[in-house]
Novice: 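Quick one: the structure is below, questions incoming.
In what follows, every heavy atom counts, from backbone to side chain, and hydrogens, waters and symmetry copies are set aside. Read the numbers this way: they start at 1 and go in the same order the structure lists the ligands and their atoms. Values in this document were obtained by computation on a predicted structure and should not be read as measured data. Index from 1, following the sequence.
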Amino acid sequence: MSSKKQDSKSNKLWGGRFVEATDAFVERFTASVDFDKRLYRYDIDGSIAHARMLGKVGILDTQEVAAIVEGLQAIRADIDAGKFSWSVALEDVHMNIESALIERIGAVGKKLHTGRSRNDQVATDIRLYVRAEIDEVCTLLTKLQRVLVDIADREAATIMPGFTHLQIAQPVSFGHHMLAWHEMLERDFDRFQDCRKRVNLSPLGAAALAGTSYPIDREYTAELLGFDRPTENSLDSVSDRDFAIELAATSSILMTHLSRFSEELVLWASAQFGFIDLPDRFCTGSSIMPQKKNPDVPELVRGKAGRVNGHLVALLTVMKSQPLAYNKDNQEDKEPLFDLLDTVKDCLFAYSAMMPAIECNRDAMYAAARQGYATATDLADYLVNKGLPFRDAHEVVGKAVASAIEQQKDLAELSIAELQNFSKAIADDVYDILSLEGSVNSRDHLGGTAPKQVKAAVKRAQQKLSKR
Ligand code: ARG
């Protein structure tokens with residue numbers, strides 16, 4: 001062996017065939033340890049399962065398995081305690097841990113990588129990580145749903161204006177509005193659960209791309225790691241990140257919902273609406289305008305929806321056009337994935353902490369609902385009940401509203417004589433339906449806004465949530 005080769009030979013775990021050391025820039029450029037080190041728990045779990053499997057099929061003997069498992073557990077304890085030093089020269093979390101194992105337990109440590117590759121290793125790590133994160137997200141989602149259902153229960157009879165086109169449309173129950181948000185989150189929850197099914201499969205054993213010539217037991221590692229079963233195809237197992245893309249898409253939809261809630265909270269907290277007060281501890285002030293109390297938390301959540309959408313596009317684009325099987329492109333899946341999950345969890349946490357503390361200004365909501373002729377549809381329906389065709393009723397009420405606007409009055413403030421100018425069918429009983437309460441109570445069917453229905457919907461939601 002020439003001395004040049006000896007000197008320059010790479011000191012990497014994969015350095016055997018290399019005659020010169022890695023360029024310093026390339027070393028930094030290709031390394032992922034700075035961000036993938038957060039997978040260390042899953043990496044160690046995967047390695048322990050792999051070692052146990054190698055023992056089960058007779059590739060490692062009992063002492064070897066014990067030494068490897070103990071070594072890995074000690075490394076985990078060191079990392080947990082912040083006593084592990086990560087090296088960029090060792091590229092990624094996998095090789096940092098494997099090197100540390102060899103250093104700690106000696107030559108036996110070199111046997112761990114038998115029958116596997118970093119390709120199936122990293123695919124396993126990410127799936128374990130994503131599975132754990134989905135479970136955390138679902139816990140946070142459930143917590144927020146419980147908060148919304150509690151508010152709905154308390155505010156079932158609180159009347160606010162319902163909007164279409166952001167124009168006052170018909171009165172609704174504030175509790176009903178909260179349950180609309182709850183329904184959106186319910187579908188988000190289902191989407192995360194559904195995504196979890198496709199995440200929870202074990203790619204371990206796919207090795208680099210083609211499988212391995214050792215008599216491995218993939219069912220066993222899958223079982224040890226709590227996966228539902230092994231994946232079917234080795235090429236697919238090491239390469240596709242569709243489960244991460246699906247998670248990102250699911251997260252984007254959730255964030256879209258949170259951005260809509262946020263927009264409403266921001267509007268409602270404004271002086272023009274004044275429907276709610278956000279707790280001071282969730283707001284910030286202005287450095288120049290002393291009177292300001294800004295709804296920063298909902299604004300930021302609204303903004304962070306953009307960030308998560310960006311990560312979805314990044315993941316789609318990383319995957320796009322990649323030939324089978326593993327390509328280094330896939331190393332780019334981690335930062336978007338980590339950041340989007342951190343973001344989603346923060347936003348859900350913020351919401352479940354903030355929502356119980358919002359104050360509902362019931363009088364302001366009620367007054368706003370009175371101002372916008374929100375019971376005009378009820379008057380039309382009343383006329384239909386008295387025999388007018390709906391289109392004629394619509395016309396009559398339109399004229400009545402125009403006259404009320406001119407006089408700066410609410411419909412209920414017009415005298416019976418005035419109302420009868422628009423239609424002789426109108427009688428004294430009209431005032432029952434012109435009231436906001438009458439209007440809301442009349443929408444008394446499944447999915448309607450009558451407080452009675454809201455209470456029933458709250459019960460159903462509570463029942464569902466109690467099973468989680
Ligand atoms: N750090 C790599 C990643 O994140 C691990 C797999 C590397 N595999 C390889 N053949 N270079 O994807």
Novice: Just jot down the ligand 1 atoms closer than 4.0 angstrom to any heavy atom of Ser32, in number order.
Specialist: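 Those of ligand 1 that fall under 4.0 Å from Ser32 are 1 (N).
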
Novice: Do Tyr40 and Lys37 come close enough that some side-chain heavy atom pair is under 4.5 Å?
Specialist: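 When only atoms from C-beta onward are counted, Lys37 and Tyr40 do not touch, as no gap falls below 4.5 Å.
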
Novice: Phe261 versus Met184: any side-chain heavy-atom pair under 4.5 Å?
Specialist: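 Yes, at least one pair of side-chain atoms sits under 4.5 Å.
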
Novice: Any side-chain heavy atom of Arg131 sitting closer than 4.5 Å to one from Phe227?
Specialist: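 In contact.
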
Novice: Just let me know how Glu91 lines up against ligand 1, side chain, backbone, both or neither, with a heavy-atom cut-off below 4.0 Å.
Specialist: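 Glu91 to ligand 1: no contact under 4.0 Å from either part.
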
Novice: Which residue holds the protein heavy atom closest to atom 11 (N) of ligand 1, what is that atom called, and what is the gap in Å?
Specialist: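 Checking every protein heavy atom, the shortest distance to atom 11 (N) of ligand 1 gives Arg118 NH2, 3.5 Å.
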
Novice: Tell me which protein heavy atom sits closest to atom 9 (C) of ligand 1, plus the residue, atom name and distance to 0.1 Å.
Specialist: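 Its nearest protein heavy-atom neighbour is Asn119 OD1, 3.4 Å.
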
Novice: Check this for me - ligand 1, Lys328, N or O atoms closer than 3.5 angstrom, yes or no?
Specialist: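 No; the residue has no nitrogen or oxygen that sits under 3.5 Å from a nitrogen or oxygen of the ligand.
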
Novice: Using a strict cut-off of less than 4.0 Å between a Lys/Arg side-chain nitrogen and an Asp/Glu carboxylate oxygen, indicate whether Lys452 and Asp444 qualify as a salt bridge.
Specialist: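 Looking at Lys452 and Asp444, the cut-off is met.
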
Novice: Less than 3.5 Å between some nitrogen or oxygen of Arg241 and one of ligand 1, yes or no?
Specialist: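 Min N/O separation from ligand 1 is not below 3.5 Å for Arg241.
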
Novice: Hey, are the side chains of Leu90 and Val33 touching, using non-hydrogen atoms and a 4.5 Å cut-off?
Specialist: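 They are not in contact (no side-chain heavy atoms under 4.5 Å apart), so the answer is no.
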
Novice: Would you mind running through ligand 1 and noting each atom that sits below 4.0 Å from a heavy atom of Asp92?
Specialist: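 Listed by number with element, the hits are 1 (N), 2 (C), 5 (C).
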
Novice: Strictly below 4.0 Å, N to O, side chains only: are Glu246 and Arg191 in salt-bridge contact?
Specialist: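 No, this pair does not count.
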
Novice: I need the nearest protein heavy-atom contact for atom 1 (N) of ligand 1: residue, atom name and distance, please.
Specialist: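 Here the closest protein heavy atom is Gln331 OE1, 2.8 Å.
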
Novice: Look at Glu91 together with Lys12 and state whether they make a salt bridge at an N to O cut-off of under 4.0 Å.
Specialist: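 No, Glu91 and Lys12 are not salt-bridged.
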
Novice: Under 3.5 Å, N or O to N or O, is Tyr326 touching ligand 1 that way?
Specialist: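 It does: an N or O of Tyr326 is found under 3.5 Å from an N or O of ligand 1.
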
Novice: Is any side-chain heavy atom of Val130 less than 4.5 Å from a side-chain heavy atom of Glu133?
Specialist: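 Val130 does not reach Glu133 side chain to side chain.
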
Novice: If you define the side chain from C-beta out and look only at heavy atoms, does anything of Pro203 sit under 4.5 Å from Val238?
Specialist: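 They are not in contact (no side-chain heavy atoms under 4.5 Å apart), so the answer is no.
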
Novice: If you count the atoms of ligand 1 from 1 in the order shown, which ones are under 4.0 Å from a heavy atom of His94?
Specialist: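 In order of number, 5 (C).
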
Novice: Counting only nitrogen or oxygen atoms and a 3.5 angstrom limit, does Asn330 reach ligand 1?
Specialist: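 N/O-N/O distance below 3.5 Å does not exist for this pair.
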
Novice: Judged by non-hydrogen atoms, does Lys334 sit under 4.0 Å from ligand 1?
Specialist: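 Yes.
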
Novice: So which bit of Gln121 gets within less than 4.0 Å of ligand 1, heavy atoms only: side chain, backbone, both or neither?
Specialist: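 Gln121 to ligand 1: no contact under 4.0 Å from either part.
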
